[in-house]
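To start, the structure itself, in structure tokens.
The analysis underlying the following values was restricted to heavy atoms, covering all of them including side chains, and did not include hydrogens, waters or symmetry mates. Since the structure is predicted, the reported quantities are computational estimates derived from the model, not experimental observations.
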Amino acid sequence: MSIVIPAYNEESVIRQCLIAAVYQSVPAHEIIVVDNLSKDRTADIVRQMQLEYPESPIILLSQHSAQGLIPTRNFGLDHATGDILGRIDADSVLEPDWVEQVQNAFTDDSVHAATGPVVYYDMPMRRFGLKADDKMRQLMLKLAKHQYHFLFGSNMALRRSAWETIRADTCRDERDEMHEDIDLSLHLADHDLRIQYWPQMISGMSARRLEDSPRDYRYYVTRFDRTYKAHNVKKMALKAPMVVFFSVYFPAKLLRAIHTVNTAQPARRGGQ
């Protein structure tokens, strides 16, 4: 399988992302970083990783024709050569058995795409957070009466054949108003291509979205609504994630701030 990682100005996280992608129980066929007009050292760090891990299939591609996640994601998926195309974010930190679990999720030929829960590695109570994330995604599946299941961009994979089926239909979203992973999911549903939720397929991700201002965070959350409207999806139950995201913003932001302060403090000596 291939792992595709779109990247724009990700010098602070791309190294840890690649290390986790390299140290897998079953190695990936290729690990593709698609640099999208980064102005920092993202591409340089990837090149350094290629030198440090010459036995690992780290590939650096440049997508300079357009700024944006969707053209960068599409460029990576189009150039990947695996039968299964994994897609994560530059701040993702895969569990060591992620590739193995993705392959397990696709042993059923009726599965065309798969997704799993995430653990927020820069938040306190990480294991509790993983369980909560898993329960929320299971609940979403029930609320949608299994008609829709949504991929999560930080932790997803799809068959090459599925991507080739929907690639021409996916929304370009040039105004950057939608959730690109929800858009992918809805196009898969339009073609009756099955998405599997696989709880053992776990990726770590940053909770850095909580650093957004309330206004920016609100715009992020309401992307759900704009994506549904673009697809003429009116099922009220699918608004549940918006309610959850809005309700956790302030308490989670406080927890993250406390955690950041605590982890930044130097250890005291002599038990003081």
Side-chain angles (χ1 to χ4, degrees), residues 1-36 38 40-62 72-73 76-77 79-107 113-131 133-134 151-160 181 196-208 259 263:
M1 70 167 290
S2 304
I3 300 176
V4 174
I5 310 166
Y8 170 67
N9 289 350
E10 299 288 5
E11 66 178 9
S12 65
V13 292
I14 193 63
R15 182 178 176 85
Q16 66 181 15
C17 176
L18 286 174
I19 288 174
V22 165
Y23 286 103
Q24 290 288 308
S25 56
V26 173
H29 165 63
E30 58 189 358
I31 303 166
I32 301 173
V33 179
V34 187
D35 178 52
N36 178 214
S38 292
D40 65 0
R41 296 184 59 252
T42 297
D44 292 338
I45 292 170
V46 176
R47 293 187 191 98
Q48 181 62 37
M49 292 287 291
Q50 289 174 318
L51 295 174
E52 291 180 27
Y53 296 89
E55 74 286 355
S56 297
I58 300 172
I59 299 169
L60 175 63
L61 300 179
S62 297
T72 306
R73 176 202 70 191
L77 294 176
H79 284 79
T81 60
D83 292 333
I84 298 171
L85 311 179
R87 145 84 163 94
I88 60 174
D89 288 330
D91 67 349
S92 298
V93 178
L94 301 175
E95 291 290 291
D97 64 345
W98 188 82
V99 170
E100 183 178 357
Q101 290 298 338
V102 170
Q103 291 179 340
N104 290 341
F106 284 90
T107 53
T115 196
V118 297
V119 55
Y120 293 94
Y121 54 74
D122 49 5
M123 289 285 287
M125 302 181 292
R126 285 189 288 271
R127 289 297 147 184
F128 172 79
L130 173 61
K131 289 181 180 179
D133 187 83
D134 176 46
L151 298 169
F152 188 39
S154 297
N155 184 14
M156 57 165 277
L158 70 164
R159 293 191 191 275
R160 163 184 292 284
D181 45 6
Q196 169 91 325
Y197 180 70
W198 197 258
Q200 297 84 12
M201 177 180 159
I202 302 169
S203 174
M205 70 173 289
S206 172
R208 58 183 177 174
H259 178 70
T263 54

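- Side-chain contact, W198 with Q200: a donor N or O sits under 3.5 Å from an acceptor N or O.
- No side-chain donor from either of E10 and S38 sits under 3.5 Å from a side-chain acceptor of the other.
- Using a 4.5 Å cut-off on side-chain heavy atoms (C-beta onward), Y53 and Y23 make contact.
- The shortest distance between side-chain heavy atoms of I19 and M49 falls below 4.5 Å.
- Taking the side chain to side chain donor-acceptor pair (under 3.5 Å) definition, one finds that N9 meets it with nothing, sequence neighbours left out.
- Residues I14 and I5 are in side-chain contact: their nearest non-hydrogen atoms beyond the backbone lie under 4.5 Å apart.
- Every residue two or more places apart in sequence or in another chain that forms a ring pair (Phe, Tyr, Trp, His ring centres under 6.0 Å) with H79 is listed here: F75.
- Counting only distance, with no hydrogens or angles, the side chain of D40 and the backbone of T42 share a donor-acceptor pair below 3.5 Å.
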Quiz item: Could you walk me through whether S206 and Y121 pass the side-chain contact (heavy atoms from CB on, under 4.5 Å) check?
Solution: CA-CA 6 Å; S206 172; Y121 54 74; 3.5 Å; yes
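- Pairs passing the salt bridge (charged side-chain N to carboxylate O under 4.0 Å, His left out) check and including a residue from residues 13-23, sequence neighbours excluded, read R15-E52.
- Looking at N36 and T72, their side chains do bring a donor and an acceptor atom within 3.5 Å of each other.
- The side-chain heavy atoms of T81 and H29, taken from C-beta on, include a pair separated by under 4.5 Å.
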Quiz item: Can you check side-chain contact (heavy atoms from CB on, under 4.5 Å) on M201 and N155, steps first, answer last?
Solution: CA-CA 8 Å; M201 177 180 159; N155 184 14; 3.5 Å; yes
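- Although no hydrogens or angles enter the test, the distance criterion places no donor-acceptor pair under 3.5 Å between the side chain of S203 and the main chain of V118.
- With hydrogens and angles ignored, the 3.5 Å screen pairs no side-chain donor or acceptor of T115 with any backbone N or O of L151.
- No side-chain N or O of N104 forms a donor-acceptor pair with one of T107 less than 3.5 Å apart.
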